[in-house]
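Written out below as structure tokens is the structure these notes cover.
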Protein chains: 2
Amino acid sequence: MVEIIKSVYQHPLLSEEDLEKMAASHKKENVKKGTVILKQEQVANEYYILESGLVRSYVHDYDNNEITTEFFAENEIVIVPTSLFQRIPSQETLVAVTDAVLWKIAFEEFQQLYHSIPGFSEWGRLWFTHQLFATKQRSLEMITKTATNRYLKLMQEKPQIMQHVPLKQIASYLGITDTSLSRIRKEISH
Amino acid sequence: MVEIIKSVYQHPLLSEEDLEKMAASHKKENVKKGTVILKQEQVANEYYILESGLVRSYVHDYDNNEITTEFFAENEIVIVPTSLFQRIPSQETLVAVTDAVLWKIAFEEFQQLYHSIPGFSEWGRLWFTHQLFATKQRSLEMITKTATNRYLKLMQEKPQIMQHVPLKQIASYLGITDTSLSRIRKEISH
DNA sequence: CTCATATCTTGCCAAATGGCAGGTAATATG
DNA sequence: CATATTACCTGCCATTTGGCAAGATATGAG
């Protein structure tokens with residue numbers, strides 16, 4: 001029961017009781033493919049763990065093209081950190097790419113758990129640290145890797161994306177157009 | 001005396017004694033323009049606060065061009081977080097753009113202070129959070145703003161850069177070439 | 001199973017960007 | 001002050017990337 005939540009919050013300082021308490025605070029929600037979980041301009045009020053399915057975030061660029069900023073896979077935390085933790089409107093939109101199962105918790109309740117369970121704060125600190133490294137790493141890879149290599153890496157890390165997401169959305173995540181990605185795929189297949 | 005250090009670590013949970021202790025652990029270092037503070041491939045062992053001067057970080061892209069990843073101004077913390085906190089080789093190089101005054105502390109000692117002074121841990125948590133938001137924000141701005149607007153914003157936020165840094169290094173920070181930046185500047189001046 | 005829709009590929013052309021180099025200006029050095 | 005060096009601008013041309021659209025393929029709905 002709610003094993004997924006316990007597995008996400010693994011930390012040496014979190015006891016079984018802590019995990020039970022946290023798990024009990026998350027409510028299950030089924031969303032259909034295409035459901036908008038958080039809309040641009042809204043202030044995020046909920047925090048989600050993705051049990052199954054695929055979620056995507058995107059923004060609009062200076063020319064109003066839709067640019068994918070992240071793909072969220074199973075067992076990942078699905079939030080827009082700036083909006084949720086700074087209580088400001090989100091620049092990004094969250095949308096379910098496939099039917100998905102989410103475990104959600106209101107931000108208020110999340111905060112209470114966070115401050116009342118020391119191990120949870122510790123876990124949170126690690127999460128923020130890890131998140132910072134991942135974000136930095138992605139920025140660097142946009143510079144140091146070619147689009148081809150970024151594509152190969154994404155395919156390796158989240159192969160399930162290919163089965164559900166149009167190339168156009170993958171291309172924008174890689175910083176190129178669908179036309180270019182199509183040409184890259186042709187190159188690779190040789 | 002070492003007012004700069006105290007001002008950087010401002011936090012309600014840090015007492016005057018805490019700040020004194022922290023300040024006393026930082027050693028002053030004068031570096032000349034052009035000095036390499038951290039080299040690509042090295043594991044960072046020191047943490048710096050920049051009192052005066054300007055520092056730049058850069059990486060090499062897939063085509064071996066030097067790309068500026070950050071400009072550090074006075075009163076900022078000058079580190080490569082991934083290398084320092086994960087103890088792995090840095091992908092980025094840190095170099096003094098002008099003569100600079102740094103206050104440094106060995107990572108080991110930093111860790112000790114960090115874990116022994118509760119207010120310092122709290123401060124650190126805020127720093128990580130803020131750093132994550134800033135990094136995310138920069139990624140988003142590379143998408144949502146035009147190069148012209150990114151240039152205008154940089155000039156507004158860190159005007160001192162113009163006086164010391166060649167256009168080529170500014171251009172690479174903005175994700176364009178010096179040729180393009182030169183054309184943008186021409187446009188703007190009308 | 002069939003039809004409608006969405007996705008993907010590809011060729012053609014246009015536009016944007018970059019490389020290069022010469023000339024000019026600014027800065028640093030002795 | 002004279003000279004050397006570096007930085008900056010700009011015109012020319014090459015290359016890359018993107019927009020568009022048509023055709024091919026795959027997917028989904030009924």
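Every chain is numbered from 1 and lettered A, B, ... according to where its sequence line falls, protein lines coming before strand lines. Just so we're clear, the structure is a prediction, and the values are computed from it rather than from any experiment. Note: hydrogens, waters and symmetry copies are ignored here, and every other heavy atom, side chains too, is used.
- The CD1 atom of B/I176 sits 9.5 Å away from the CG atom of B/L167 when rounded to the nearest 0.5 Å.
- The backbone N or O of A/Y114 lies less than 3.5 Å from a partner atom in the side chain of A/S121, making a donor-acceptor pair.
- A donor and an acceptor atom, one from each side chain of A/Y48 and A/E46, are located under 3.5 Å apart.
- Aromatic ring pairs are classed by plane angle as parallel below 30°, tilted from 30° to 60° and perpendicular above 60°; the pair B/Y58 and B/H60 is perpendicular.
- With values rounded to the nearest 0.5 angstrom, B/F128 atom CZ is found 12.5 Å from A/H130 atom NE2.
- Side-chain atoms of A/S90 do not come within 3.5 Å of backbone N or O of A/E41 as any donor-acceptor pair.
- With the end axes of the helix from C/dC1-D/dG30 to C/dG30-D/dC1 each set by five pairs, the angle from one to the other reads 60° at 10° resolution.
- One can place CG of A/L181 at 18 Å from P of D/dT16, the figure rounded to the nearest angstrom.
- The side chain of B/S180 places no N or O atom within less than 4.0 Å of a non-bridging phosphate oxygen (OP1 or OP2) of C/dA16.
- Of the residues listed (A/E92, A/E66, A/H164), the one engaging A/R56 in a side-chain hydrogen bond (donor to acceptor under 3.5 Å, both in side chains) is A/E66, and it is the only one.
- If you take CH2 on B/W103 and CD on B/E29, they are separated by 11.5 Å, rounding to the nearest 0.5 Å.
- For A/R185 and C/dC8, the shortest distance from a side-chain N or O to OP1 or OP2 is not below 4.0 Å.
- In this structure, A/D61 and B/I143 approach most closely via the heavy-atom pair CB-O, 3.2 Å.
- Per the geometry, CD belonging to B/E187 stands 12 Å off P belonging to C/dA16, to the nearest Å.
- Within the cation-pi definition used here (under 6.0 Å to the ring centroid, within 45° of the axis), A/R138 qualifies as a partner of A/Y173.
- We find that CD of A/Q163 is positioned 16 Å from P of D/dA26, with the value rounded to whole Å.
- Listed candidates were C/dG18, D/dC8, D/dG18. Nearest to the side chain of B/I176 is C/dG18.
- Using a 4.5 Å cut-off between side-chain heavy atoms of Ile, Leu, Val, Met, Phe, Trp and Tyr, with links allowed through other members, B/L140 and A/F71 fall into different hydrophobic clusters.
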Under-3.5 Å N/O pairs linking protein and nucleotides 19-25 of chain D:
{"from": "D/dG19", "atom 1": "O6", "to": "A/R183", "atom 2": "NH2", "distance (Å)": "3.4"}

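- Residue B/S182 places no side-chain N or O under 4.0 Å from the OP1 or OP2 atom of D/dC8.
- For the pair A/Q169 CD and C/dA6 P, the interatomic distance rounds to 13 Å; values are reported in whole Å.
- In this entry the distance linking CD1 of B/I67 with P of C/dG18 reads 10 Å, nearest Å.
- Separating the NZ atom of A/K186 from the P atom of C/dT7 is a distance of 22 Å, rounded to the nearest angstrom.
- With respect to the salt-bridge test (charged N to carboxylate O, under 4.0 angstrom), the residues B/E51 and B/K28 do not qualify.
- In this structure, A/K168 places its NZ atom 11 Å from C1' of C/dT7, rounding to the nearest Å.
- B/M162 has its CE atom 7 Å from the P atom of D/dC8, to the nearest Å.
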(request) At under 4.0 Å between heavy atoms, which parts of nucleotides 23-30 of chain C does protein reach? Answer with one letter per nucleotide, 5' to 3': B base, S sugar-phosphate only, - none. (result) --------
